[in-house]
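Numbers restart at 1 for each chain; the letters A, B, ... are given by sequence-line order, proteins then strands.
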Number of protein chains: 4
Amino acid sequence: MTRQPEPVVTAEELEDYILREFSQAFKDGKVYHIEDLGPGFLTLRLDTNDTHLRPGGTVSGPTLFTLADLAAYYAIMAHIGLKGLSVTTSIHLDFMRKAAPGPLYATCTLLKLGKRLVVTSVAIRDKEDELIAQGSLTYSIPPRD
Amino acid sequence: MTRQPEPVVTAEELEDYILREFSQAFKDGKVYHIEDLGPGFLTLRLDTNDTHLRPGGTVSGPTLFTLADLAAYYAIMAHIGLKGLSVTTSIHLDFMRKAAPGPLYATCTLLKLGKRLVVTSVAIRDKEDELIAQGSLTYSIPPRD
Amino acid sequence: MTRQPEPVVTAEELEDYILREFSQAFKDGKVYHIEDLGPGFLTLRLDTNDTHLRPGGTVSGPTLFTLADLAAYYAIMAHIGLKGLSVTTSIHLDFMRKAAPGPLYATCTLLKLGKRLVVTSVAIRDKEDELIAQGSLTYSIPPRD
Amino acid sequence: MTRQPEPVVTAEELEDYILREFSQAFKDGKVYHIEDLGPGFLTLRLDTNDTHLRPGGTVSGPTLFTLADLAAYYAIMAHIGLKGLSVTTSIHLDFMRKAAPGPLYATCTLLKLGKRLVVTSVAIRDKEDELIAQGSLTYSIPPRD
């Protein structure tokens with residue numbers, strides 16, 4: 001079986017770096033937290049608030065795309081280092097269930113960590129562990145040393 | 001060739017309805033405008049501002065997903081009526097080029113307007129008509145009368 | 001966590017049904033075999049032969065799409081009964097590695113078994129358990145009793 | 001607007017090359033024909049026969065994936081030269097309507113012809129010009145001179 005790559009930074013180092021460099025991601029408060037980090041994966045938690053809901057009180061589509069993208073972005077940085085330069089080249093997401101307000105957990109798994117392209121799988125679950133959305137996201141990354 | 005469905009509301013009626021019902025979409029100002037509406041398609045313009053940029057000054061991925069989703073949402077409402085209940089079931093987007101600050105134009109074409117599912121194609125272009133992103137989004141819609 | 005649906009037929013019943021009804025799928029010999037079947041999943045094995053290779057001796061893209069589609073088709077029938085009427089509405093597959101000749105294993109997991117739509121995830125691995133391709137496939141199914 | 005790349009070979013040169021190098025693609029007879037070729041696009045015609053149908057007499061999913069993949073493969077070769085080395089890295093297809101037996105026309109448009117990656121859009125239509133399937137396919141290509 002494929003050996004999973006090891007993270008090269010800790011969750012704390014990554015959170016610090018992102019707070020510093022991506023302050024605009026936190027204009028609505030610090031709503032994203034790294035929940036777990038291990039070989040080849042990272043789980044990002046979103047504490048949803050009213051800005052994340054659509055009429056009817058369920059979590060909006062853009063909130064879920066953004067969470068998936070951010071989880072993948074964090075996961076890639078955790079495994080290639082704090083560079084902040086990867087660019088989304090493709091996103092595919094299927095939505096299985098509406099999400100009620102409350103924490104959401106996006107787990108990103110690195111399927112292929114190539115020299116130029118990273119292919120990831122992301123699953124978003126709610127606090128009952130129900131699957132809300134699942135898909136794949138691909139990123140181009142700067143050449144590594 | 002497939003005949004395209006006719007819109008059932010005008011661009012003005014749709015803009016009014018959305019301003020009234022989806023005020024949270026406009027928390028950062030009125031940045032979305034219907035640019036064009038015709039049989040089977042709608043073009044939505046986004047006037048990007050600083051909240052839409054990522055480090056490096058290019059338009060962020062979440063801004064582009066959100067624009068594509070909103071263009072499709074508007075296009076469906078324009079063709080099925082002002083109901084506001086369609087739900088994204090799947091999104092696929094490929095990103096071709098980085099987008100600089102400035103207006104972006106998302107044209108959504110209805111590929112299949114079924115009783116329950118609507119399949120759409122969305123292309124996002126910049127003001128030089130360069131293709132920034134393209135993909136397909138699918139929605140489930142409430143039963144129509 | 002989401003409870004997985006139970007299969008409603010055995011692997012043997014399903015193999016017999018498919019041999020009988022889909023004889024054209026076996027024009028190149030019986031190359032597909034159910035390897036495993038359980039709550040919410042099915043693994044289909046393909047024993048590749050020369051007709052499945054492209055120049056260079058690796059397994060062709062169409063072979064992999066077909067295997068993914070067939071694994072999902074089998075998995076759905078195993079869980080809704082022997083009806084043979086589900087129709088692919090969407091396929092998304094990312095290809096991670098080239099596959100050498102030899103057996104391939106496609107595991108389909110049912111992500112959502114709705115009344116009308118079934119969303120599945122499929123992963124294709126080789127005999128070393130390396131991930132070759134992964135993606136999601138959606139099917140519309142006939143109304144169930 | 002984006003200028004479209006010019007083809008570097010003729011349709012005849014491409015047909016000859018493919019017949020010579022990919023004879024296994026024609027084990028069921030010469031069913032694929034280049035219908036049109038121009039700057040940034042190629043249309044491939046498939047004359048379906050019984051091997052392309054599924055129970056019920058409609059064209060099978062694998063036939064449509066294969067046609068889309070082949071149209072993109074031809075289109076890329078027409079624009080980068082006769083190298084035969086591009087590899088599918090991702091496929092996304094939505095299926096809009098069932099296709100009856102008869103000719104199908106797959107038009108592939110090159111959305112981005114990069115140094116390493118080519119992003120394409122493919123639309124499959126029947127002889128009444130009805131849209132059967134549409135999607136995007138991405139390929140990695142060998143470095144060009």
Side-chain angles (χ1 to χ4, degrees), chain B residues 1-5 39-41 43 61 64-65 68 72 75-76 79 88-100 102-141, chain D residues 1-5 39-41 43 61 64-65 68 72 75-76 79 88-100 102-141:
Chain B
M1 188 176 168
T2 315
R3 206 145 23 132
Q4 290 304 323
F41 78 94
T43 300
L64 297 172
F65 319 151
I76 294 170
H79 289 84
T88 314
T89 59
S90 180
I91 180 170
H92 177 81
L93 271 186
D94 293 298
F95 301 91
M96 258 64 73
R97 284 170 191 79
K98 290 180 183 176
L104 291 175
Y105 301 86
T107 296
C108 173
T109 307
L110 304 181
L111 299 182
K112 180 182 180 176
L113 184 55
K115 285 197 198 97
R116 304 257 174 169
L117 273 190
V118 184
V119 184
T120 74
S121 176
V122 175
I124 299 178
R125 294 175 181 276
D126 65 14
K127 65 178 189 288
E128 270 82 40
D129 209 22
E130 292 280 349
L131 188 63
I132 302 301
Q134 181 166 314
S136 68
L137 297 95
T138 302
Y139 294 79
S140 72
I141 55 175
Chain D
M1 187 177 167
T2 315
R3 207 144 24 129
Q4 291 304 322
F41 79 93
T43 300
L64 297 171
F65 319 151
I76 294 169
H79 289 84
T88 314
T89 59
S90 179
I91 179 169
H92 178 81
L93 271 184
D94 293 299
F95 300 91
M96 261 61 76
R97 286 171 189 78
K98 291 180 182 175
L104 291 174
Y105 301 85
T107 296
C108 173
T109 307
L110 303 182
L111 300 181
K112 180 181 180 176
L113 184 56
K115 283 196 200 100
R116 304 260 174 168
L117 273 189
V118 184
V119 184
T120 74
S121 176
V122 176
I124 298 178
R125 295 176 180 276
D126 66 13
K127 65 178 189 287
E128 271 82 39
D129 209 22
E130 292 281 348
L131 188 62
I132 301 300
Q134 182 166 314
S136 68
L137 297 95
T138 302
Y139 294 78
S140 73
I141 55 175

Novice: So which heavy atom on B:Met96 is nearest to which on D:Val119, and how close?
Specialist: SD-CG1, 3.8 Å
Novice: If we only count heavy atoms from C-beta on, is the B:Asp94 to D:Leu111 side-chain gap below 4.5 Å?
Specialist: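 Result no, sub-4.5 Å side-chain heavy-atom pair not found.
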Novice: Hey, does D:Ser136 have a side-chain heavy atom less than 4.5 Å from the side chain of B:Gln134?
Specialist: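 No - every pair of side-chain heavy atoms lies 4.5 Å or more apart.
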Novice: Of all residues at least two apart in sequence or in a different chain, which pass the side chain to side chain contact (heavy atoms under 4.5 Å, CB included) check with B:Thr43?
Specialist: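 Result, side chain to side chain contact (heavy atoms under 4.5 Å, CB included) vs B:Thr43: B:Glu35, B:Asp36, B:Phe41, B:Tyr105, B:Thr107.
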